[in-house]
Amino acid sequence: MGSATLGPAERPVTIYYDAIESLQWFMTTTIVPNEDQLGQTKAKDIPSHKRRRGPSDDAPMTVGPSQATYLVDPTLKSGNARPGKWFVLWTTADADDEEKRRFTYKGSFHDLHAVIQADVKYPVYLRAEGSGRHTINPIIGGDGGEAARVG
């Protein structure tokens, strides 16, 4: 799962997605994923230590020093938990294509609505946790969502 932070710096909205192409399909400008979503390989030194071969081993053996590598992944999650609150975008009958996708977000619903309204490519419905269905139409002659970008 990845994320992208959109909106003005003082009121950002973080949107979580399974594939960035799912979110990009609805938007006019290119969505840039958050940099902290990239995993890193780290290494650590393991010092020499004694190890018993079993519970009755009276003469433990000595294991020499070694190095271990491991992955630090900030997107790792346990179970089905997803951060934030859910929202669904789907195209209206006026759109050229029919599409429906579900995402989650952190931030204010008002800010989410403003970000989507500033950058949406097709007429869509927006339904979020705790709200009704909102119809959002693309802004004709707008700034292509630049006002909604973090910057």
Side-chain angles (χ1 to χ4, degrees), residues 1-49 51-52 63-151:
M1 175 181 1
S3 70
T5 302
L6 307 171
E10 62 275 0
R11 297 183 67 158
V13 175
T14 303
I15 299 176
Y16 297 90
Y17 49 80
D18 287 327
I20 194 166
E21 294 81 12
S22 297
L23 180 59
Q24 186 63 59
W25 191 88
F26 290 99
M27 307 305 224
T28 58
T29 57
T30 303
I31 304 293
V32 179
N34 291 339
E35 290 294 322
D36 62 352
Q37 299 300 309
L38 305 175
Q40 295 178 334
T41 302
K42 291 192 175 183
K44 68 177 181 178
D45 293 323
I46 300 174
S48 62
H49 57 281
R51 179 178 296 159
R52 290 176 34 181
V63 178
S66 62
Q67 190 175 44
T69 59
Y70 58 98
L71 176 67
V72 177
D73 186 1
T75 65
L76 179 67
K77 66 183 186 105
S78 177
N80 289 331
R82 290 182 174 259
K85 299 170 273 194
W86 61 265
F87 75 96
V88 179
L89 286 175
W90 72 100
T91 54
T92 67
D94 298 334
D96 298 334
D97 296 316
E98 186 176 324
E99 199 66 44
K100 186 175 188 176
R101 302 289 169 95
R102 182 179 172 134
F103 309 96
T104 57
Y105 74 99
K106 281 186 183 176
S108 162
F109 175 74
H110 297 289
D111 296 333
L112 173 69
H113 187 281
V115 164
I116 292 173
Q117 188 170 31
D119 200 22
V120 74
K121 189 186 307 184
Y122 303 104
V124 296
Y125 295 124
L126 167 64
R127 169 115 169 109
E129 184 175 333
S131 76
R133 185 187 79 185
H134 299 264
T135 304
I136 301 176
N137 291 305
I139 297 173
I140 298 173
D143 62 2
E146 288 304 314
R149 298 276 168 223
V150 172

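Values reported hereafter were calculated over all heavy atoms of this structure, with side chains retained and with hydrogens, waters and symmetry mates removed. Position 1 is the first residue of the sequence; numbering continues from there.
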How far does OG of Ser66 sit from NE2 of His49, to the nearest 0.5 angstrom? 7.5 Å
Set of ring-ring contact (aromatic ring centres under 6.0 Å, His included) partners for Trp86, sequence neighbours left out: none
Could you tell me if the side chain of Thr14 sits less than 4.5 Å from the side chain of Asn34, heavy atoms only? yes
Looking at every non-hydrogen atom in both residues, tell me the closest pair between Pro138 and Pro123 and how far apart they are. CD-N, 3.7 Å
Apply the test side-chain contact (heavy atoms from CB on, under 4.5 Å) to residues Trp25 and Thr91: give CA-CA distance (whole Å), side-chain angles for both, the deciding distance (0.1 Å), then the verdict. CA-CA 11 Å; Trp25 191 88; Thr91 54; 3.6 Å; yes
Has the side chain of Gln40 got a donor or acceptor atom that lies under 3.5 Å from a matching backbone atom of Val72? no
Which heavy atom of Ile116 sits nearest a heavy atom of Phe87, and at what distance? CD1-CE1, 3.9 Å
So how far is it from Phe26 CZ to Arg101 CZ, rounded to the nearest 0.5 Å? 6.5 Å
For Ala4 and Val32, the nearest pair of non-hydrogen atoms, with its separation, is CB-O, 3.7 Å
Could you tell me how the ring of His134 sits relative to the ring of His113: parallel (under 30°), tilted (30 to 60°) or perpendicular (over 60°)? perpendicular
Does Gln117 reach the main-chain N or O of Leu112 with its side chain, forming a donor-acceptor pair under 3.5 Å? no
dist Tyr70:OH -> Thr41:OG1 (nearest 0.5 Å) comes out at 10.5 Å
Can you tell me how far OH of Tyr16 sits from OG1 of Thr5, rounded to the nearest 0.5 angstrom? 7.0 Å
Just verifying a value: how many Å separate Trp90 CH2 and Leu126 CG, rounded to the nearest 0.5 Å? 8.0 Å
For Val13 and Ser108, which heavy atoms make the closest approach, and how far apart are they? CG2-O, 4.1 Å
Nearest 0.5 Å, what's the CG-CD1 distance between Leu6 and Ile15? 5.0 Å
For Met27 and Leu23, the nearest pair of non-hydrogen atoms, with its separation, is CG-O, 3.5 Å
Taking every heavy atom of Gln67 against every heavy atom of Asp45, the minimum-distance pair comes out as NE2-OD1, 3.6 Å
